[in-house]
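Inspection log for the structure reproduced underneath, given as C-alpha cells.
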Amino acid sequence: MVDNTPLPLPSPDRLRGLLATLESGLLERATEVRLALLAALAGEHVLLIGPPGTAKSELARRLHRVFEGAPYFERLLTRFSTPEELFGPLSLKALEDDRYERLTAGFLPTAGIAFLDEVFKANSAILNALLTLLNEREFDNGVGRTRTPLVSVIAASNEVPADEALQAFHDRFLVRLPIAPVSDASFEALLRLTTTDDDTTPTDALTAAERADITRASARVRLSVEAVEALRALRRWLGEQQITLSDRRWRLWVGLMRTAAATEGRAQVDALDLWLAPFMASPTPEMVPRLTQWFDTEVAGAVPQDAPWLTRAVEAFEHQWEIERSAEAEDDDGTAGKLALARAISGSQDDGGMARLMTESLEAHTRRRYSPVHIAARLAQLDEITGPAAAHWTRVHQDATALADRLHDRVWMPAPVLERLLGAHTHTLATLDGLLARLEATRAGFAALPVETPATDAPPAPAPEPVAL
C-alpha cells in the first residue's frame, strides 16, 4: 500500500530563495546553479565542461553551504595525483596489524559535496575507486566497504574525453553542462562585482531529513503519458543521430525529473520537463543547441514564426493597392495639363496654400475610378487572407497563454529558458500583429479608391483578377 501522507518538503519559495543566494554574483550561471542544486537533491553528479576561471569551483563551494552539515572536499587532479590525495593516507597503526586501511577523515570518502577539477586527468587507480564511490556511495577501505555521506560530486573538465576507456566514467555524470566565460553584455557587471561569503551563504540550509523527504516524495511522482511519449520521440530522434543512452541513464534522468516535479508540488512528470534534454542526452557540448531546438520544436511548440505566407500576401496586396491608387484616368479631359500647371505654381510658392489644394483636387480628379464591383472584389480577396491570419493569431495566443500557465510555477527552469520559450510566441504574435495591421490599412486603402458612376444602361462591371500571391 502506497503511503500518500504529505511530506514536509521545502516550499518552492524557499527553494527559489536558496537559488537566488547561490546565484548571487554568478553572472549568466542561472542554468548551472539550478541544475547543480536539482542534481544534488536527486543524488546525482554534475560535470561542468569549460575553460578555467569560469566559476566552476565557486559554484561547488556555494553548493555545499546549501546542505546543512555537508563537509566539502576539493581537489585538482593530474596524472600524478595519488589515491592518498583523495581518499586519505594509509593508517600506520592499521598496517602494524597487517590491515590496509586509510584515514579518510577530511578526504573524499567523508565529504558531502566534492569538487574534482580536471577529473579526467586522474589515473586509472583513482578513476576506478571513484566509480564505486559515485555509483554506490560506498568506499572500499581495506577489506571492508563503508557507506559515505556523499550528496553530489561537481566535476570539471576543459573538454569531453575522447578516450574510450573514460566513457564509462563520463557516463556517471548525469548532468553535463557546457560553461563559458560571461558574454560581452555582462562584462562590465563582472568587473564591478563585489560579493562576500555572507552574500552567498544561505540562512536556511536544507537538512538531511528534508533531503530524505524529497527522495521519498520523488518516488511517489508519476510519469505522465505525454512525458513517456516525448521520451519515446526523443529516443527515436537520438537514434537517428547515432546517439545511444544507456538504460541506466534514462532511469536516472527520470528520477531527476521526478525530483523536479516533487519539489515544484506536481504529482507527475510532464513533457515540458524534457527541457533538461540538452544537459542529459548530449554526448558533447556541440549537441546542446540541436537538442534545445528539438525540445523547442517537438515538445514545447515554441519556435519564433515570421509567417512568410502572410508576408507575401500583404506585400502583394500593398503593391496592387499602390498600382490602383496611382493609376490615372483613361479619359483625359484636359485635366492633366491643368495639373501640370498647378504643380508648377505650387512648386514656385513657399506657402503652397491655395496652389497645393488645387493640385490635390486636380490629382484626385485625374485618378482612375473603379466600379463598386471592383472594390468589393478587392475587399473580399483581402478578407480571405485576413480571416485565416486572424485565426492563426488566435491559435498562437492560446498556445502562448497555455504555455505560460504551465510554466508559471516552475522552480528549476532558468529564466533564459523561460524567456526563450515564451519569447518565441511573443515574437510570432508581434509579427502577426504587424502584418494584420498592414492588411487592415491596405483594406482601408482599397475601400477609399475613387468610385465611378456607372451609366444606367452599362453592363455590370467584371470583377478584377485576383491579386497574384
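By convention here, the first residue in the shown sequence is residue 1. Heavy atoms only: backbone and side chains are in, while hydrogens, waters and symmetry mates are out.
- Looking at every heavy atom in both residues, Asp383 comes nearest to Pro388 through O-CD, 4.4 Å.
- Between Arg232 and Glu229 there is a salt bridge, with a side-chain nitrogen of the basic residue lying less than 4.0 Å from a carboxylate oxygen of the acidic one.
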Where do Arg290 and Gln293 land on the side chain to side chain donor-acceptor pair (under 3.5 Å) test, with the steps shown first? CA-CA 5 Å; Arg290 293 180 61 190; Gln293 185 177 22; over 6 Å; no

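- Heavy atoms from other residues, nucleotides or ligands lying under 6.0 Å from CG of Asp184 number 12 at most.
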Steps toward side chain to side chain contact (heavy atoms under 4.5 Å, CB included) verdict (Val46, Leu59): CA-CA 11 Å; Val46 178; Leu59 174 57; over 6 Å; no

Can you list the steps and then say if Glu28 with Ser183 is a side chain to side chain donor-acceptor pair (under 3.5 Å)? CA-CA 8 Å; Glu28 300 180 355; Ser183 66; 2.5 Å; yes

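- Minimum interatomic distance between Phe169 and Leu131 (heavy atoms only, all atoms of both residues): CD1-CD2, 3.8 Å.
- Taking CZ of Arg235 as the reference point, atom OG1 of Thr244 lies at 8.0 Å (rounded to 0.5 Å).
- Side-chain contact annotation: Gln398 with Arg395, donor-acceptor N/O pair under 3.5 Å absent.
- Under the 4.0 Å criterion applied to side-chain N and carboxylate O atoms, Glu440 and Arg443 are not assigned as salt-bridge partners.
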Working for side chain to side chain donor-acceptor pair (under 3.5 Å), residues Arg176 and Ser282: CA-CA 8 Å; Arg176 302 164 181 160; Ser282 296; over 6 Å; no

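- Counting heavy atoms of neighbouring residues, nucleotides and ligands inside a 6.0 Å radius, atom CZ of Arg248 exceeds 12 of them.
- Here Leu310 contributes atom CG and Leu435 contributes atom CG; the two are 4.5 Å apart, rounded to the nearest 0.5 Å.
- More than 12 heavy-atom neighbours from other residues, nucleotides or ligands sit within 6.0 angstrom of CD on Gln167.
- Counting heavy atoms of neighbouring residues, nucleotides and ligands inside a 6.0 Å radius, atom CD of Glu159 does not exceed 12 of them.
- A donor-acceptor contact closer than 3.5 angstrom is absent between the side chains of His374 and Glu452.
- One finds a salt bridge joining Arg62 and Glu58 here, because a Lys/Arg side-chain nitrogen approaches an Asp/Glu carboxylate oxygen to under 4.0 Å.
- Judged as a ring pair (Phe, Tyr, Trp, His ring centres under 6.0 Å), and not counting sequence neighbours, Phe317 has no contacts.
- Put simply, CZ on Arg325 and CG on Leu449 are 9.5 Å apart, with the number rounded to the nearest 0.5 Å.
- Every pair passing ring-ring contact (aromatic ring centres under 6.0 Å, His included) that includes a residue from residues 391-422 is listed here, sequence neighbours excluded: Trp393-His397.
- Considering all non-hydrogen atoms of both residues, Pro12 and Thr263 come closest at CG-O, 3.8 Å.
- Using a 4.0 Å cut-off between charged side-chain N and carboxylate O, Asp117 and Lys56 make no salt bridge.
- In terms of the side chain to side chain donor-acceptor pair (under 3.5 Å) criterion, residue partners of Glu23 (sequence neighbours excluded) are, by chain and number, Arg34.
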